[in-house]
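First up is the structure itself, then whatever we jot down about it.
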Amino acid sequence: MVEKRHWFFDTLPHVILCMGVFIVAFPVWLAFVGSTWDAATIANGQMPIYPGPHAAENYYRTLFVGAGRTTGQPVWLMMTNSFVMAITIAVGKIAISIISAYAVVYFRFPFRMAAFWLIFITLMLPVEVRIYPTYEIVAQLNMLDTYSGLAIPLIASATATLLFRQFFMTIPDELVEASKIDGAGPFKFFKDTVLPLSITTIAALFVIQFIYGWNQYLWPLLITTKPTMQTIVIGIKTMLVTQDALTEWQLAMTTAVLAMVPPVLVVLVMQKLFVRGLVETEK
Amino acid sequence: MEKRSVFGNRLLPYLLLAPQLAITIVFFYWPASQAVWMSFRIQDAFGIATEFVWFENYTELFKSRAYYEAMWTTVVFSSWVTVLSMGTALLLAVMADKQIRGATAYRTLLIWPYAVAPAIAGVLWLFMFQPSLGMVGRSLRAMGIDWNPLLDGNHAMILVILAATWKQISYNFLFFLAGLQSIPKSLIEAAAIDGARPARRFWTIVFPLLSPTTFFLLVVNVVYVFFDTFGIIDAITKGGPATSTQTLVYKVFSDGRLGGDLGGSAAQSVILMAIVIGLTAIQFRYVERKVTY
């Protein structure tokens, strides 16, 4: 800063940050290495720190054949389920939240604030505190083992509604007045003005909600019983339940790597949007 | 704050709100009220009839040793994860905030574990610390430590704490870095000119100005440990060995499913609901006003 620094204090931050990066990356590196060796090498505890020659075989078997001793579902099917679930949740949340925020901000009607609070309070009711009753309802609606059952109960979103409401508040009133003078109704104003202005907010939310949807665990665990409806995050657990010695670790690690790739790619490729979405949804 | 200029349609706003409200009522309010209702009832042995028993489920709960154990486990687990992940993240953020070369590259390399699912994080750490074949697990045994998280409750606890901490560092790092970057550099320079050394500058200027961020993260981390670590625990230990890593949320899950004690499980849900409401209230009451990004 102001004083002349000793060389030691110039290198110290790099040393500490490199250690941090190492801690963060090491478990993932080991998983990747694990996905490139054969079962025997891993089971004997002989796995080295560098990748081995069995990558193609492991990835092919995991993706298209499935782990032999367990349910035997090919992982591409699980990944498809995860994709459908994550995208339905992300798109669904954004769609229903943007229209409800639009209603609350741009209209005056009885029970407006009541509706707003009703949505807001759901923040305090995560799945974890209403596990079994929610399961019962989904069962009664015949939504177990369906994509709609996986996604719809999770698409109500207080945070997204709050975020859109806050954003709409910053849109100048003059724009509404101008559109009204031009004879635009609420639909036209939404389509031509609000939606184009919201693109960045929508994109940032999409990144966060995609990760949220992809990483869901408790909910799919509860409502999927058929192996064909499993998501990848659930599927990996079924590979570990057998007696420890029988766990096919090379396939489990391949699955772990495959489960990490889509959300991590989303974060790395859309880093700006991700950071923005994270900071804004938590505000 | 209200809009001055609005549209005058009567029916439309209700139609726009309908999907959100329908989902909220069917999948949030109805089950939550069911949980409250169930918590006052017990089911007979055949699961056919239920009987209204007032607070019996709650008194049973507060008489049971297992519940206090789960509570203690949750306290230990959340304290360690919060302190470790926030401490590490703060250290890394302070280092990344210094004007050094490659600061953005470090940020990129540190934030991506946010995207790893908790259950997957659990699997990765299990693989590393597996006593017979995991790389770290074997090294520990080679060093003469009788490491076995599958049998030793304390070892299992250490493992879930490490996995949960690892997963949360990137989130805390991001917010600490944002907080640090919003502190005006002129303040720190002024202190430096007055002769304050770096450590003193940190504790008297940076740390107090960072306290809104710290407090916000404290609440968020507690909520994270309470609820989002379910996947980590289920993947690594399933609450075991015995019940040594069974948190409150995990107990709701396992009592309702395996034990079939739906009334007791519902009573636990209601208590958790009260905890979340309390935490959220604290978050909004104290955090919203003070935190500025």
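Chain naming here is simple, since letters A, B, ... match the order of the sequence lines and numbering starts at 1 in each.
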Go through the atoms of [X] and report whether side chain, backbone, both or neither lie under 4.5 Å from a heavy atom of chain A.
| X | result |
| --- | --- |
| B:Tyr14 | side chain |
| B:Leu174 | side chain |
| B:Leu17 | both |
| B:Trp112 | both |
| B:Ser170 | neither |
| B:Val26 | both |
| B:Leu12 | side chain |
| B:Met135 | side chain |

For B:Val252 against B:Ser265, the heavy-atom pair lying closest together: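 Result for this residue pair: O-OG, 3.2 Å.
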
Closest heavy-atom contact between B:Val116 and B:Ala121?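 That would be CG1-N, 3.9 Å.
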
Top of [options] for chain A proximity - count of heavy-atom pairs under 4.5 angstrom:
| options | result |
| --- | --- |
| B:Val249, B:Leu272, B:Leu110 | B:Leu110 |
| B:Ala22, B:Pro31, B:Ala32, B:Ala18 | B:Pro31 |
| B:Asp234, B:Ile275, B:Ile277, B:Ile25 | B:Asp234 |
| B:Gln268, B:Arg138, B:Arg107, B:Arg10 | B:Arg138 |

So which of A:Phe168, A:Tyr106, A:Phe107 actually passes ring-ring contact (aromatic ring centres under 6.0 Å, His included) with A:Phe189?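 Testing each of A:Phe168, A:Tyr106, A:Phe107 against A:Phe189, the sole residue satisfying ring-ring contact (aromatic ring centres under 6.0 Å, His included) is A:Tyr106.
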
Ring centroids only, cut at 6.0 angstrom: are A:Trp117 and A:Phe120 within range, meaning strictly under it?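 For A:Trp117 and A:Phe120, the ring centres are under 6.0 Å apart.
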
Using the ring centroid of each side chain, check whether B:Tyr171 and B:Tyr224 are separated by less than 6.0 Å.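 Centroid separation for B:Tyr171 and B:Tyr224: 6.0 Å or greater.
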
Contacts of A:Phe164 that satisfy ring-ring contact (aromatic ring centres under 6.0 Å, His included) - sequence neighbours left out: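 Listed in chain order: nothing, the list is empty.
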
Proximity breakdown for [X] and chain B, heavy-atom pairs closer than 4.5 Å:
| X | result |
| --- | --- |
| A:Met260 | side chain |
| A:Leu265 | neither |
| A:Val266 | neither |
| A:Ala184 | backbone |
| A:Leu222 | side chain |
| A:Phe210 | neither |
| A:Lys93 | neither |
| A:Pro262 | neither |
| A:Ile42 | both |
| A:Phe187 | side chain |
| A:Thr255 | neither |

Heavy-atom pairs under 4.5 Å with chain B are the metric here; pick the option from A:Gly20, A:Ala95, A:Gly92 that has the most.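 Of the options given, most contacts go to A:Gly20.
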
Looking at A:Ile232, A:Val104, A:Ile23, A:Leu12, which makes the most heavy-atom pairs under 4.5 Å with chain B?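 Among the listed options, the one with the most contacts to chain B is A:Ile23.
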
Pairing residues for A:Lys188 by the side chain to side chain donor-acceptor pair (under 3.5 Å) criterion, not counting sequence neighbours: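 Checked A:Lys188 against side chain to side chain donor-acceptor pair (under 3.5 Å); matches are A:Asp192.
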
Give a yes or no answer on whether the side chain of B:Gln20 reaches the backbone of A:Ser157 with a donor-acceptor pair at less than 3.5 Å.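 Confirmed, B:Gln20 side chain pairs with A:Ser157 backbone.
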
